[in-house]
Novice: 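Quick one: the structure is below, and I'll ask about it shortly.
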Amino acid sequence: MNRRTALKSTALGLGALLLTGCGAADMTQQASPYANAAGAKTVTLSVQSWVGAQADVAVAKLILERELGYRVDTVQVDEVPAWDALSQGRVDMIMEDWGHPEQEARYVKDKKTIVPAGEVGVIGHIGWWVPKYFADKHPDVTDWRNLNKYADQFKTPESGGKGQLLDGSPSYVTNDKALVNNLKLNYQVVFSGSEAAQITQIQRFAKEKKPFLTYWYKPQWLFEQVPMVEVKLPKYSEECAAKAPEDIDCEYPTTPLAKYMNANFAKKGGKAAQFLKNFKWDAEQQNAVSLMIADQKLSPDEAARKWVAANENVWRAWLPK
Amino acid sequence: MSAVTTTSAPPKPRTQEPSWRDRLTRRPALLKLGALLVIAAVAVPVLHSRWASGTWPAPLTVDLTEPLGKVSDWIIDNRDGHPLFLYFFGHISNAVVLSVRGVYLVLLALGWAGTTALAALVAWRAAGVKLAAGTVVALAACGLLGMWVPTMQTLALMAVAVAASVILGAFLGLAAGLSDRTFRILRPVLDTMQVLPAFAYLLPVVLIFGIGVPAAVLATVVYAAPPMARLTALGLREADKGVLEAVESLGATARQRLFTARLPLARKQLLLGLNQTIMMALSMAVIASVIGAAGLGDRVYQALASVDVGQALAAGLPIVLMAIVLDRVTAAAGSGDREQGRSWLPAALGVLAVAAVAVATRLAGSLLWPEAWSIEIAPTVNKAVGWMTDHLYSGVPVIGGTADWAGHFTSFVLDPIRSGLTALPWYAVLLLVAALAWLIGTWKSALTAALAMAAIGVLGVWKPSMDTLSQVVAAVAVTLLIGFAIGIAASRSSRLERVLRPVLDVMQTMPQFVYLIPVVALFGVGRAPAAAAAVVYALPAVVRITTQGLQQVSPAALESARSLGATSGQQLRQVQLPLARPSLLLAVNQGVVLVLAVVIIGGLVGGGALGYDVVFGLAQGDLATGLKAGAAIVCLGLMLDRVTQPSRAARKEDA
């Protein structure tokens with residue numbers, strides 16, 4: 001009996017070896033297990049957590065599916081991990097990137113696993129903002145030099161006696177702690193931990209007509225709901241941007257938002273890759289879709305359907321000839 | 001974590017157990033404190049003269065940022081070339097992807113009707129007609145909510161993760177059940193793994209596997225395997241000695257003894273292990289969406305991003321339903337009421353029926369849930385939540401709005417505790433922790449707790465850890481206050497208990513992500529909403545354990561108290577509460593563990609501290625920050641468990 005079990009287990013072991021294959025398994029080349037389930041050509045798009053990126057993805061997805069016959073999977077990943085996933089081919093495309101020079105150097109220049117795929121057509125801008133109802137009453141708040149005067153009014157239980165500067169998701173690019181320090185502002189940066197939490201808090205403040213100071217960015221649909229005025233920070237300059245992160249003392253640069261593609265997909269992606277490279281719209285068009293998603297609570301698919309129905313002349317130009 | 005108490009039987013009151021009381025109230029306590037005082041008298045002057053500071057002294061920290069950063073860079077650079085990845089991790093990752101895909105394709109091929117029929121068949125054979133009907137209703141609800149495909153994706157992922165956890169857990173449990181030495185080594189490790197917040201497990205797997213399904217499955221396995229291992233080991237060890245001797249005297253070999261006696265005798269424990277593993281895996285399904293788990297968890301996570309509570313709820317409800325159904329089915333299978341009727345005929349007929357249904361739907365051409373049969377709950381829910389937050393946020397007469405409460409809670413509870421903890425000299429914190437752990441447990445747990453705190457200091461994350469600790473302490477206090485009050489009320493009124501039960505079930509299994517946004521809308525961004533979410537999450541376990549503990553106080557003791565003319569209040573204070581003390585302590589322990597888990601997730605709503613660092617590490621790919629915070633969370637969990645864990649004897653062996 002022992003002989004037989006021994007034999008059996010060897011056979012089992014051999015079988016297992018055969019199954020897994022003795023060869024190498026490159027885990028960086030594995031697609032999602034849910035991909036291609038319907039046996040169609042599939043494109044996987046990375047959705048970033050902010051609504052603008054959701055709008056890009058929703059419209060691209062709809063056109064890919066309806067006009068080009070692809071199946072589109074979307075995965076929500078944070079910005080930096082998305083670069084890694086893109087490099088590994090777990091996603092084919094990042095539709096909206098806000099500038100990650102470190103990742104660009106690593107993956108585009110060194111490893112050559114990612115290639116740029118053109119611009120989104122939208123210019124991104126990060127800054128500090130106060131609500132319009134507050135700026136109307138206190139016009140001088142829009143200059144950073146006067147911020148300390150108002151610190152008292154921006155106080156919350158979380159900011160410990162100082163004014164509160166509301167910051168967003170940990171995945172966003174921010175120098176706010178350095179800025180507060182270097183500009184000698186009597187403010188405390190409070191990290192809301194996610195964009196959802198930040199938006200909810202801003203809406204709440206706006207409903208109560210309370211003053212607040214927040215890190216925010218353009219284009220963003222929330223401006224339609226809560227009009228805000230930007231606070232002017234010291235002018236941006238190349239020298240300032242070159243400083244160490246903790247010494248930065250000037251405003252954020254404006255970034256043309258870019259698209260990136262997995263290198264393999266760019267070569268073999270056929271019409272889908274071509275279409276995604278051509279995809280380009282402006283802030284107003286993107287906001288129209290974002291607003292339908294975030295404000296009117298339409299599902300991204302539905303919002304995209306509405307926009308696509310009304311703007312055929314725009315997206316027809318993106319289709320590969 | 002929700003699993004920890006869902007089905008576990010409450011600790012039975014121990015009538016013949018003077019030991020914990022003795023240890024707590026008589027001399028040993030003084031002795032322990034005395035010993036600590038001596039240690040303190042010797043050590044404190046030395047420590048104070050060398051490193052006099054409130055927070056952990058800088059010379060005693062080890063900076064891991066650089067080495068960790070290097071490791072992370074090395075992994076990214078070598079992931080597609082190094083043999084370790086090509087020949088080891090690559091195959092693991094492949095196997096996971098293939099098996100998840102396999103299960104997913106089978107589920108899709110069965111179609112919605114086939115899958116439902118199959119699930120009903122399994123539930124019927126395992127747990128009876130009633131639960132089979134419940135299963136059908138639950139799956140239909142998933143379809144109606146428009147969540148059929150994500151539900152199938154989550155099911156596929158869960159099936160693979162649970163199978164792997166059960167195999168791994170059973171293997172470890174077998175080893176620990178048969179060998180005393182393995183048991184001694186594994187026991188503390190498994191105990192500890194069960195109290196750690198799921199969030200802490202995410203980073204290490206992401207570091208190796210990157211974002212995606214393999215990482216999600218492996219994190220789930222690491223999280224869900226310990227209960228299976230624990231209960232397998234306990235089941236094997238607790239087998240009736242008499243039966244084993246009888247089997248041995250019949251001349252059975254060791255293996256025959258294992259398969260014919262010990263394993264069948266441990267059946268109940270094994271099924272309880274399966275039950276807990278499933279529940280842990282389900283609670284991880286949502287959290288793992290942060291690292292790419294897809295399915296329902298991802299829907300919840302995406303809805304969170306667009307501040308859409310209704311949509312999050314629509315994706316969260318299927319998880320709740322799955323959890324409740326799976327819990328009831330495995331619990332019923334484990335209770336062994338259905339030993340009868342093990343004939344193969346009904347089962348075979350059932351399989352045929354499932355096959356027929358699957359073929360029929362395939363021919364009808366509607367494999368996916370028909371879109372016409374769905375209801376939109378999101379708009380209604382959003383309206384309701386909007387109304388609630390609008391009316392409660394501020395300006396409620398007399399009691400003030402929730403925003404005011406949050407403000408007061410932050411300024412008058414959270415802030416003082418935090419500044420107190422940070423101002424306290426670091427050695428005083430160590431001594432305090434050691435004293436608490438020793439008074440309630442053994443010197444070993446005291447040492448573990450103190451060392452865990454020291455490790456936090458060495459890692460250089462003392463300050464954020466104290467911040468997190470202050471949130472835990474405050475939230476636990478609130479949880480216990482409310483939990484004990486409701487628990488006492490429920491133990492005295494069976495009607496209230498019946499009403500509460502489904503509410504508690506839902507609260508316990510609802511993914512925490514779903515209520516993060518309403519909590520922000522009510523309490524604003526900051527530490528207060530994190531604490532509020534933690535209270536909501538930990539409350540059910542505390543209420544349930546308290547109720548059961550009080551109800552199981554021996555009726556004889558109550559009767560004699562009543563006959564002596566004690567009022568109902570006196571009965572409660574002087575008989576029920578003292579006798580239910582072990583359960584109350586267990587409730588505290590559970591409360592602390594659950595609160596910690598959510599306070600960490602509170603990093604997503606402005607809780608800051610360690611939770612934010614983990615989120616930051618994940619989001620920025622800055623694994624050094626994330627891993628350090630993760631390790632600190634582990635230490636904090638370990639310490640909190642030891643400080644609230646009554647010595648082994650008083651703790652029930654049922655997880």
Side-chain angles (χ1 to χ4, degrees), chain A residues 20-21 24-34 37-38 47 49-51 54 73-85 87-88 90 103 106 111 113 156-158 160 166 169-172 190-201 203-204 207-208 293-294 297 299-300, chain B residues 76 79-80 85-87 89-91 93-95 97 100-101 104-105 108 153 206 209-214 292 294 298 301-302 304-308 310 378-379 382 390 393-394 406-407 410-411 415 516-517 520-521 524-528 603-608 612 615-616 618-621:
Chain A
T20 46
D26 187 352
M27 64 196 238
T28 63
Q29 300 294 330
Q30 287 165 351
S32 151
Y34 309 121
V47 194
S49 58
W50 60 92
V51 179
Q54 287 188 346
D73 276 326
T74 59
V75 190
Q76 175 160 333
V77 199
D78 278 315
E79 292 174 82
V80 177
W83 277 83
D84 191 34
S87 156
Q88 297 187 27
R90 289 184 180 180
Q103 277 69 28
R106 167 179 270 159
K111 299 183 72 155
T113 46
T156 69
E158 277 302 321
L166 190 64
S169 152
S171 69
Y172 295 172
V190 172
F191 290 94
S192 36
S194 59
E195 186 177 88
Q198 194 184 6
I199 291 178
T200 312
Q201 178 72 79
Q203 288 172 329
R204 206 26 65 203
K207 246 184 201 147
E208 314 275 310
I293 298 173
K297 301 276 181 222
S299 74
Chain B
I76 292 179
R79 197 150 42 191
D80 43 8
F85 290 95
L86 287 184
Y87 295 98
F89 292 127
H91 285 301
S93 173
N94 244 339
V97 171
V100 173
R101 187 174 175 76
Y104 182 56
L105 289 182
L108 284 189
Q153 292 182 341
V206 172
F209 291 94
I211 297 264
V213 170
D298 195 57
Y301 192 45
Q302 286 195 23
L304 192 66
S306 53
V307 203
D308 191 339
N382 282 330
D390 281 349
Y393 185 71
S394 67
T410 309
S411 330
D415 282 348
L516 282 183
I517 290 304
V520 171
V525 155
R527 285 165 291 153
L604 288 171
V605 291
Y612 179 80
V615 179
F616 179 87
L618 281 169
Q620 290 282 351

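The figures here come from the full heavy-atom set of this structure, side chains too, leaving out hydrogens, waters and symmetry mates. Predicted model, so just to flag it, every value in this text is computed and none were measured. By convention in this document, chain letters (A, B, ...) are assigned in the order of the sequence lines, proteins followed by strands, and residues within each chain are numbered from 1.
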Novice: Quick check for you: among A:T74, A:D84, A:I199, which has the greatest number of heavy-atom pairs under 4.5 Å with chain B?
Specialist: A:D84
Novice: Run A:Q103 and A:R106 through side chain to side chain contact (heavy atoms under 4.5 Å, CB included) and show every step you take.
Specialist: CA-CA 5 Å; A:Q103 277 69 28; A:R106 167 179 270 159; 5.6 Å; no
Novice: Can you name the residues that form a side-chain hydrogen bond (donor to acceptor under 3.5 Å, both in side chains) with A:E158, not counting sequence neighbours?
Specialist: B:R527
Novice: Considering only heavy atoms and a distance below 4.5 Å, find which of A:E195, A:K207, A:Q203, A:E79 pairs most often with chain B.
Specialist: A:K207
Novice: Could you state the interatomic distance from NZ (A:K111) to OG (A:S87), rounded to the nearest 0.5 Å?
Specialist: 5.0 Å
Novice: Please identify, among A:P170, A:P300, A:A197, the residue contributing the most non-hydrogen atom pairs under 4.5 Å to chain B.
Specialist: A:P170
Novice: Look at A:A82, A:S194, A:S169 and state which one has the largest set of heavy-atom pairs under 4.5 Å with chain B.
Specialist: A:S194
Novice: Measure the acute angle between the ring planes of B:F209 and B:F89, then classify it against the limits of 30° and 60° as parallel, tilted or perpendicular.
Specialist: perpendicular
